[in-house]
Amino acid sequence: MSIISGSIESLKKVKYGVRGGWQSVRNINARSELSIFDYEELIKPLDFYPFVPHKENNLYGNGSVIQSSFPHLDFSETTIEHGLYIGSLVPSRHLKSRFKNIITFSEYRKSFIRTKTDQNIITVGPYINYAKPLYSSEKIKSKKKKLGKTLVVFPSHSIDSVYANYDIPEFIKYIKNFKKKYSFDSVLVCMYWKDIELNNHTQYELSGFRVVTAGHSYDANFLSRLKTILLVSDAALTNSVGTHVGYSVSLNKPIQIWNGSKLEYLPISGKEEKAQKELNQRQGNDLNTHLDDTQRISAVFSGFNENISKQQLECVEYYWGS
């Protein structure tokens with residue numbers, strides 16, 4: 001069921017200072033009925049439509065989910081960190097005077113933000129806990145029965161200007177061994193829309209894995225679709241630290257971070273200037289705290305156990321909140 005409510009006519013109006021984009025509402029509603037396997041349709045471009053104030057709040061459906069869970073907050077004065085920020089970096093866009101509130105995951109994150117601002121900082125834990133899955137409980141049970149014991153893989157993802165470069169064949173080899181070792185019946189590879197656009201999914205598909213996606217970043221049902229993908233799965237595997245690690249554990253899905261292949265982020269051709277800004281945004285203490293805490297998280301999840309350990313639960317509570 002789509003998170004979007006309200007008539008198309010009401011959504012056509014200029015909203016939060018943005019004109020147009022309402023056609024995306026029809027597309028987003030239509031996509032909510034699609035299978036998680038229908039990645040070709042789910043990754044198609046969407047015009048931006050502001051379901052909540054401020055553009056970043058609309059990424060990945062975060063704002064729609066959080067707003068419905070915290071209706072007392074004035075979201076015209078609220079900014080949401082869009083995912084897990086590791087280390088002390090606080091993007092300046094969140095510190096603008098028009099924002100009275102900053103929403104983030106955890107007390108860990110709050111401690112860094114507090115050094116930069118007197119704004120009200122609200123910790124809410126993993127955003128995925130507030131999302132409703134797109135599939136009913138009956139449909140999830142049916143999918144799980146068809147798939148059997150299922151592993152979902154989250155490859156490190158690219159963004160608009162930066163390419164996630166790693167040895168895909170080597171990762172595929174590890175996934176196949178992992179599947180056999182832990183007796184999984186199915187493997188889903190959850191790809192970011194940009195990586196499918198870059199054709200990074202094809203090697204996984206040719207290896208016999210099924211590709212799924214949470215959709216486009218402007219899709220208000222992104223977080224609900226991601227929750228659906230995790231709920232039809234039994235465990236997760238990834239090659240990078242990211243928001244998905246805490247999301248998996250918060251939904252009681254054990255996860256391993258595989259560090260067997262070098263991972264680097266490179267500029268996408270034609271977008272070098274934008275990429276350099278993204279890649280160089282962390283300097284000094286911002287970079288050091290990011291590297292140190294990334295290493296700590298990676299170490300905690302370096303092995304796999306079908307029962308999530310106490311240390312892993314504590315790690316997620318510390319960095320992602322509860």
Side-chain angles (χ1 to χ4, degrees), residues 35-39 42 126 128-129 133-157 164 166-192 195-196 200-214 224-263 297-316 320:
S35 166
I36 56 175
F37 301 103
D38 198 354
Y39 63 81
L42 289 171
I128 203 166
N129 290 344
L134 290 179
Y135 290 177
S136 66
S137 57
E138 291 77 15
K139 189 171 182 178
I140 289 171
K141 288 178 184 176
S142 175
K143 287 288 183 185
K144 285 180 69 66
K145 186 176 181 180
K146 289 179 181 178
L147 291 167
K149 185 180 179 183
T150 300
L151 174 70
V152 60
V153 179
F154 294 99
S156 185
H157 72 80
Y166 59 95
D167 191 331
I168 294 178
E170 187 67 22
F171 193 28
I172 287 172
K173 180 180 177 182
Y174 186 81
I175 296 167
K176 287 181 176 179
N177 290 335
F178 192 94
K179 178 190 177 187
K180 183 177 180 180
K181 181 177 181 179
Y182 295 103
S183 303
F184 285 99
D185 299 303
S186 301
V187 175
L188 310 181
V189 181
C190 187
M191 303 290 292
Y192 191 59
D195 287 295
I196 296 175
N200 287 348
H201 66 295
T202 53
Q203 292 185 62
Y204 293 105
E205 212 164 41
L206 290 170
S207 298
F209 307 142
R210 300 191 70 181
V211 173
V212 296
T213 183
S224 292
R225 191 173 292 106
L226 178 59
K227 187 167 191 172
T228 304
I229 292 166
L230 280 164
L231 289 177
V232 301
S233 304
D234 297 283
L237 176 66
T238 185
N239 63 336
S240 65
V241 176
T243 308
H244 55 284
V245 174
Y247 281 0
S248 298
V249 173
S250 70
L251 295 177
N252 199 33
K253 309 298 178 182
I255 186 169
Q256 180 186 9
I257 301 172
W258 179 68
N259 296 306
S261 175
K262 181 182 179 182
L263 172 64
I297 296 169
S298 186
V300 170
F301 289 93
S302 61
F304 182 75
N305 190 309
E306 297 197 56
N307 296 308
I308 301 168
S309 71
K310 180 181 177 181
Q311 185 185 23
Q312 290 172 337
L313 289 170
E314 290 173 347
C315 178
V316 168
W320 281 263

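These numbers were taken from a predicted model, which means no experiment stands behind them.
- The CD1 atom of Ile229 sits 8.5 Å away from the CZ atom of Phe37 when rounded to the nearest 0.5 Å.
- The stretch residues 224-251 participates, sequence neighbours left out, in these salt bridge (Lys or Arg N to Asp or Glu O under 4.0 Å) pairs: Lys144-Asp234, Asp219-Arg225.
- A heavy-atom distance below 4.5 Å is found between the side chains of Leu230 and Ser248.
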**Request:** Kindly determine whether Leu231 and Tyr135 satisfy side chain to side chain contact (heavy atoms under 4.5 Å, CB included), including the steps that lead there.
**Result:** CA-CA 9 Å; Leu231 289 177; Tyr135 290 177; over 6 Å; no
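- Pairing each heavy atom of Ser156 with each of Tyr166, the nearest pair is O-CE2, 3.9 Å.
- What you find for Phe184 and Ala235 is that their closest heavy atoms are CZ-CB, 3.8 Å.
- In this structure, the side chains of Val232 and Thr150 stay at 4.5 Å or more apart for every pair of heavy atoms.
- When all heavy atoms of Ile297 and Cys315 are compared, the closest pair comes out as CG1-SG, 4.1 Å.
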**Request:** Start with the C-alpha gap between Ser207 and Lys176, add the side-chain angles, then the distance that decides, and say whether side chain to side chain contact (heavy atoms under 4.5 Å, CB included) holds.
**Result:** CA-CA 9 Å; Ser207 298; Lys176 287 181 176 179; 4.0 Å; yes
**Request:** Please test His201 against Tyr39 for side chain to side chain contact (heavy atoms under 4.5 Å, CB included), starting from the C-alpha separation and ending with a verdict.
**Result:** CA-CA 10 Å; His201 66 295; Tyr39 63 81; 3.5 Å; yes
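- With a 4.5 Å cut-off on side-chain heavy atoms, Thr238 and Phe301 do not count as touching.
- Here Ile257 contributes atom CD1 and Phe154 contributes atom CZ; the two are 12.0 Å apart, rounded to the nearest 0.5 Å.
- Val245 and Ser240 make their closest contact through CG2-O, 4.0 Å (heavy atoms, listed as atom of the first residue, atom of the second, distance).
- At least one donor-acceptor pair under 3.5 Å links the side chain of Lys253 to the backbone N or O of Ser233.
- For the pair Glu138/Ser142, no side-chain contact is recorded, criterion being any heavy-atom separation below 4.5 Å from C-beta on.
- Gln312 approaches Val300 most closely through the heavy-atom pair NE2-O, 3.4 Å.
- Rounded to the nearest 0.5 Å, atoms CG (Leu237) and NZ (Lys179) are 13.5 Å apart.
- Checking Tyr174 against Gln256 by side-chain atom types alone, a donor-acceptor pair falls below 3.5 Å.
- Between Ile128 and Trp320, the closest side-chain pair of non-hydrogen atoms is not below 4.5 Å.
- Under the side chain to side chain contact (heavy atoms under 4.5 Å, CB included) criterion, Asp185 pairs with Lys149, sequence neighbours left out.
- With a 4.5 Å cut-off on side-chain heavy atoms, Lys143 and Ile36 do not count as touching.
- Counting heavy atoms from C-beta on, the side chains of Phe171 and Gln203 never come closer than 4.5 Å.
- Here the closest heavy-atom approach between residue Cys190 and residue Pro155 is recorded as O-CD, 3.4 Å.
- Open room surrounds CG on Asn252; 12 or fewer heavy atoms of other groups in view lie less than 6.0 Å from it.
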**Request:** Begin with the C-alpha distance, continue with both residues' side-chain angles, and end with the deciding distance and a verdict on side chain to side chain contact (heavy atoms under 4.5 Å, CB included) for Val153 and Phe209.
**Result:** CA-CA 10 Å; Val153 179; Phe209 307 142; over 6 Å; no
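- Classification of the Tyr182-Phe304 ring pair by plane angle, with boundaries at 30° and 60°, yields perpendicular.
- Defined by atom type and a distance below 3.5 Å, a donor-acceptor pair is missing between the side-chain atoms of Asn239 and Ser261.
- Of the inter-residue distances, the one linking Ile168 atom CD1 with Asp195 atom CG reads 8.0 Å to the nearest 0.5 angstrom.
- Between atom NZ of residue Lys173 and atom CG of residue Asp167 there is a gap of 10.0 Å, rounded to the nearest 0.5 Å.
- For the atom pair Ile308 CD1 and Leu313 CG, the distance stands at 5.5 Å (nearest 0.5 Å).
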